[in-house]
Each structure stands twice: as structure tokens, then as C-alpha cells.
Chemist: 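Structure in C-alpha cells, see below.
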2 protein chains.
Amino acid sequence: MAEQLKSIEEFMKSRGFKLTRPRRRVVEKLLAVKGHVTADDLIDLLRKGGTPVSRATVYRTLGIVSQSGLIDGHDFQGGKKVYEPMVGRAHHDHLFCISCGKVIEFSEEAIERLQDLVVARYRFTPVYHSHKIFGYCETCTPKPALKARRS
Amino acid sequence: MAEQLKSIEEFMKSRGFKLTRPRRRVVEKLLAVKGHVTADDLIDLLRKGGTPVSRATVYRTLGIVSQSGLIDGHDFQGGKKVYEPMVGRAHHDHLFCISCGKVIEFSEEAIERLQDLVVARYRFTPVYHSHKIFGYCETCTPKPALKARRS
DNA sequence: TTAAGACTGATACGCAGTCTCAATTTGATA
DNA sequence: TATCAAATTGAGACTGCGTATCAGTCTTAA
């Protein structure tokens, strides 16, 4: 955990940013939460935790740290970005349940390698990618015996 | 083209929607444009074409038709959705150049099949997916001889 | 201590997309 | 063809995420 913070601090230094107290609060809170959080979640958590940080700073900090690859931002529902720490974690992609909102992580080395082939084919230099599969999770999948869910 | 419109009309009928004149205008314009268009592009094109359709109707129509899989909506830049007709086209995914905005389509059967394995593993019922690779296209990729582009 | 520059926070703003609701259109039926 | 209930439309108000602004604060180095 302190290790993770250190990585982020180093990244920021290398880019000429300072890890100020408000920024540290944002990053620490993000690292402390497991799973996905929105910017507003963080703002709330910080305020409730007695260490409020302004919206602007939260957004700015997330923006800066996102560039490092140490945290990832995803857009699942459209219009609300969720963040998750990636420090020390392997890359993964997501299944998103369009009924209950559940997020399942998956990683498939073979897909990653095929992506390498694809980008090579187009002489494209990849920076990051987003691979999301939307559908119904096991519990939300309409059972054959039941009426199909009305969309 | 008329064929494509027919497919869309059938889909709408099957869902209890009418293909009214404003909706037909939106769909026809979308089919006429090759490549990607935003909702605002369509609104402009329709107005300039002398057959204006209100924002609300354009958005509603795109929303309805999107459900059919006959048109696809993508979110490349975050905050502005682009649509493309898919009628009679094979599924494909995208490379997006974060420097010039160029969009390259690719399709990789092997990746699609691996996705099937992934969803089966989690007993997930896929409805649609989005696989985007962001980076630099051939012309925007910084050449080794040149200074690296500042992000 | 001081000055330059980075950062913060309150809030105004931008903008894509949705909602509202009165007016209009549609299409099934008589 | 006339009628009417239901669906749709359009103008514009509204929502909500995220960004820009800018005066005031904090750092840092001399």
C-alpha cells in the first residue's frame, strides 16, 4: 500500500507534479477502496472521512494519475467514469452486466497477444486499450423457463 | 440501401415502434453517411438538407435503433458518441488514434472466439461488446529520430 | 523574507444527452 | 372517409459529469 503510494509519487515527480496533501488524500482513498469508484464517490468518502478535497482537485488528480497507468478509468454506463487502482496488478478487462451493474474482471493472455498482431498489421502504436463485454451475468441471465426480460 | 432501411423498419415494427417520417429521415441520413457521425452531425445534416428533425427525436431514434444492433454507437473521445450503420456489415472493432482522431476498423475472428470462451467461463450471456485500442496511427507515431511527442 | 510558480477550492461554465408536455400525427376502426 | 386513442414530435427546460476560471494559499529556493 505504501509501496503503491510511492510508485504514484515517483510518477508524479517524474512529470513535474507534486504529491501535495490534497492529492495524497485522493490517492490514498482510491487505493484504500477495493474495486471501482467514481470521482463523486471519492469526494463523498473524503468529506465523510473528515478530509474534504474539492471537486476540481479530485478530478485533476485522477486525470494526472490516470496518465501513469497506475490507475485505470473505465466508462461502463456512459457518462460516469469509474476508477480503479492498477498498481501492482495485472492488466485485465471487464464483463459488465447491463441488468444489475455487476463488473467481472477477466484476463486472457491469448487475446492480448492477438491484439499485438492486429496493431502490427496496421503499424499502429498502442498506448492502452479497452475491452468490455456487455450482457447478463449468471444471476441476471433470463432462464429458458422464464419469460424473456423486457428491455 | 432500401434493403437496409427495410431491416430497420422490420426491427422497429417487431418492437412496437413506428417508422415515422422524422425517424425515417434520421435513419436514411445515417445510412447515407459513410463512416462515423455524431447525433449533432445528423441534426445539422438534416437541417441543412431541408428536412430538420428535433434533437429529442434524433436522440430517441438513435437510441431505439441502437438496440437492434443494426447501428452501432461508439464512445471514442469520451463525451461524444459516434454512430455507424452496421446493416449488412460484419462486426468489427476499432483502433483510435489519440493524436489525429483517425479510426481504423479491424476484425479478428480469433479474438471473437476467445471472447466466447471467456463469457462461457463466467456463465455470462453477452449482448454486445466494445474493443478499442487507443494509440498512435502510422503517421502520428513518433519516429525514433524525432523528439517524443509531449502528451 | 521574499518572490515566482505551483496548487487549491468555490463556483461558473460547457456540453451531451434526457425529460416535459402541449400539439400533432398515426393508424385502427367504424 | 371520419373519429379517436395512442404514439410521436418538437421546443426548450433541465440534469449531471466534467472543465475552466481566478483569487487566494502553499512551496521552494535563494
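Letters A, B, ... mirror the listed sequences (proteins, then strands); counts begin at 1.
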Chemist: May I ask you to check whether A:Phe96 and A:His94 place their ring centers less than 6.0 Å from one another?
Modeler: no
Chemist: For the side chain of A:Pro22, counting heavy atoms from C-beta on, which of C:dT8, D:dG12, D:dC17 is nearest?
Modeler: C:dT8
Chemist: Does any N or O donor sit under 3.5 Å from an N or O acceptor when you compare the side chain of A:Arg60 with the base of D:dG18?
Modeler: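 Under the 3.5 Å cut-off, the side chain and the base do not form any donor-acceptor pair.
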Chemist: D:dT19, OP1 or OP2 - any side-chain N/O from A:Tyr59 closer than 4.0 Å?
Modeler: no
Chemist: Just how far, in rounded Å, is C1' of D:dT9 from CG of B:Leu19?
Modeler: 14 Å
Chemist: Nearest whole Å is fine: how far is D:dT27 P from A:Arg24 CZ?
Modeler: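 That distance rounds to 12 Å.
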Chemist: Can you check whether A:Val82's main-chain N or O pairs, donor with acceptor, with A:Thr38's side chain at less than 3.5 Å?
Modeler: no
Chemist: 5'-most contact on DNA chain D: B:Thr57 or A:Thr38, nearest heavy atom basis?
Modeler: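 First, find each residue's nearest nucleotide; the 5'-ward one identifies B:Thr57.
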Chemist: From the list D:dG10, D:dT28, C:dA16, which nucleotide is the closest neighbour of the side chain of A:Lys18?
Modeler: D:dT28
Chemist: How far apart are the closest heavy atoms of B:Tyr83 and B:Leu62, and which atoms are they?
Modeler: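 Looking at all heavy atoms of both residues, the closest pair is CE1-CD1, 3.5 Å.
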Chemist: In whole Å, I'd like the distance from the CG atom of B:Leu46 to the P atom of D:dT9.
Modeler: 13 Å
Chemist: Does the side chain of A:Arg23 get closer than 4.0 angstrom to OP1 or OP2 of C:dT8 through an N or O atom?
Modeler: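 Answer is yes, contact under 4.0 Å.
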Chemist: Let's test your reading of the model: under 3.5 Å, does the base of C:dG17 pair with the side chain of B:Arg55 as donor and acceptor?
Modeler: yes
Chemist: Provide, to the nearest angstrom, the distance between the NZ atom belonging to B:Lys80 and the C1' atom belonging to C:dT18.
Modeler: 17 Å
Chemist: Would you please confirm or rule out a distance under 4.0 Å between OP1 or OP2 of D:dC26 and any side-chain N or O of A:Thr20?
Modeler: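 No.
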Chemist: Between A:His92 and A:Glu108, is any side-chain donor less than 3.5 angstrom from a side-chain acceptor?
Modeler: no
Chemist: Nearest whole angstrom, please: distance from the C1' of C:dT25 to the CZ of B:Phe17.
Modeler: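 For the pair B:Phe17 CZ and C:dT25 C1', the rounded distance is 17 Å.
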Chemist: Between B:Ser54 and D:dA11, is there a side-chain N or O to OP1/OP2 distance below 4.0 Å?
Modeler: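 The answer is no; no side-chain N or O of B:Ser54 sits under 4.0 Å from OP1 or OP2.
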Chemist: Nearest-Å distance, CE (A:Met12) to C1' (C:dC7)?
Modeler: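 Interatomic distance, CE of A:Met12 to C1' of C:dC7: 11 Å.
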Chemist: Could you tell me the separation between the NZ atom of B:Lys13 and the C1' atom of D:dT8, rounded to a whole number of Å?
Modeler: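 My rounded result for the distance is 17 Å.
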Chemist: Between A:His131 and A:Gln115, does any side-chain donor sit less than 3.5 Å from a side-chain acceptor?
Modeler: no
Chemist: Separation of B:Arg25 atom CZ from D:dT9 atom C1', in whole Å?
Modeler: 12 Å
